[in-house]
Enquirer: 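Here it is: the structure, laid out below.
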Amino acid sequence: MRPKLGRDYRIRQAYEFEGPVIQDLYKDTLIAPLDWDAPLDASWVLAVSPHKAEYYAVISLVASKPIGRLEMLRVREGIPKRLRACVVRDMIHYSLLTLKAYGCQAVTGASEQELVNTFGKVIQQRFHGMPIGQFTGYITRLT
């Protein structure tokens with residue numbers, strides 16, 4: 001049975017107090033030790049179970065004109081492959097619609113290395129995106 005948006009998962013903006021939930025999704029990464037207790041801004045989107053306190057994925061939207069960005073896509077380990085694929089597809093779709101409503105004319109995207117093929121395949125096949133090059137991401141703490 002194919003997972004279905006609304007029945008098996010929902011996609012919504014993160015509440016300002018859900019920083020620790022996002023931190024848990026990023027466990028064992030370089031950004032997990034950041035202070036996630038401060039209230040979140042409106043740029044975080046979650047895929048959640050409609051029936052229990054279970055979080056499947058997170059993505060950050062950066063609404064800027066003319067080019068918006070999708071960043072930091074992270075899917076919880078251990079969820080079924082079909083659910084994972086549907087969640088990634090629908091999170092990207094939700095994000096693109098949100099950025100379009102904001103007025104973005106184009107969108108760039110980045111995800112963790114293990115999701116690059118899935119992320120890229122969804123963007124290229126479903127939303128007619130084109131790869132613009134190879135990138136290596138870096139992170140540093142601002143103190």
Enquirer: Give, for atom CH2 of Trp36 and atom CZ of Phe17, the distance between the pair rounded to the nearest 0.5 Å.
Expert: 15.5 Å
Enquirer: Would a 4.5 Å heavy-atom cut-off, applied to side chains only, mark Asp41 and Glu16 as touching?
Expert: no
Enquirer: Using a 3.5 Å distance criterion without hydrogens, assess whether the side chain of His128 forms a donor-acceptor pair with backbone atoms of Ile123.
Expert: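 No.
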Enquirer: CZ/Arg76 to NZ/Lys27 distance, rounded to the nearest 0.5 angstrom?
Expert: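 The distance works out to 8.5 Å.
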Enquirer: Any side-chain heavy-atom pair from Glu71 and Val62 closer than 4.5 angstrom?
Expert: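 When only atoms from C-beta onward are counted, Val62 and Glu71 do touch, with a gap below 4.5 Å.
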Enquirer: Going by the side-chain contact (heavy atoms from CB on, under 4.5 Å) test, name the single residue among Ile59, Val21, Val58 that passes it with Trp44.
Expert: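 With Trp44 as partner, side-chain contact (heavy atoms from CB on, under 4.5 Å) holds for just one option, Val58.
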Enquirer: Using 30° and 60° as the class limits, which term best fits the ring planes of His93 and Phe127: parallel, tilted or perpendicular?
Expert: parallel
Enquirer: Where is the tightest heavy-atom contact between Val87 and Ala57, given as atom of each residue plus distance?
Expert: CG1-CB, 3.7 Å
Enquirer: What's the separation between atom CD1 in Ile79 and atom SG in Cys86, rounded to the nearest 0.5 Å?
Expert: 9.5 Å
Enquirer: Kindly compute the distance separating CG (Leu70) from CD1 (Ile92), expressed to the nearest 0.5 Å.
Expert: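 Going from CG on Leu70 over to CD1 on Ile92, the span is 7.0 Å.
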Enquirer: Between Val107 and Ile67, is there a shared hydrophobic cluster once you connect ILVMFWY residues whose side-chain heavy atoms come closer than 4.5 Å?
Expert: no
Enquirer: Nearest heavy-atom pair of Ala14 and Ile22: which atoms, and what distance?
Expert: CB-CD1, 4.3 Å
Enquirer: Does Asp8 use its side chain to pair, donor to acceptor, with the backbone of Lys4 at less than 3.5 Å?
Expert: yes
Enquirer: Provide the closest heavy-atom pair for Pro50 versus Gly6 in the form atom of the first, atom of the second, distance.
Expert: CG-O, 4.2 Å
Enquirer: If you round to the nearest 0.5 Å, how far is SG of Cys104 from NZ of Lys65?
Expert: 8.0 Å
Enquirer: Which pair of non-hydrogen atoms, one from Ser64 and one from Tyr102, has the smallest distance, and what is that distance?
Expert: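 It is N-CE2, 3.9 Å.
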Enquirer: Tell me whether Gln124 contacts the main-chain N or O of Met130 through its side chain, where contact means a donor paired with an acceptor under 3.5 Å.
Expert: no
Enquirer: Using only heavy-atom distances, determine whether the side chains of Glu54 and Tyr9 contain a donor-acceptor pair under 3.5 Å.
Expert: no
Enquirer: Answer whether the closest heavy-atom distance between the side chains of Leu83 and Tyr56 falls below 4.5 Å.
Expert: yes
Enquirer: Are Ile31 and Leu25 connected, step by step, through hydrophobic side chains (Ile, Leu, Val, Met, Phe, Trp, Tyr) whose heavy atoms are closer than 4.5 Å?
Expert: yes
Enquirer: With the threshold set at 4.0 Å, does a side-chain nitrogen-carboxylate oxygen contact exist between Glu18 and Arg12?
Expert: yes
Enquirer: Could you tell me which non-hydrogen atom of Arg74 sits nearest to which non-hydrogen atom of Thr29, and how far apart they are?
Expert: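 Where Arg74 meets Thr29 most closely, the heavy atoms are NH1-CG2, 3.5 Å.
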Enquirer: Kindly indicate, with the supporting measurements, whether the criterion side chain to side chain contact (heavy atoms under 4.5 Å, CB included) is fulfilled by Arg69 and Leu61.
Expert: CA-CA 6 Å; Arg69 294 187 307 275; Leu61 308 182; over 6 Å; no
Enquirer: Roughly how far, to the nearest 0.5 Å, is the CD1 atom of Ile11 from the OG atom of Ser95?
Expert: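 Answer rounded to 0.5 Å: 7.5 Å.
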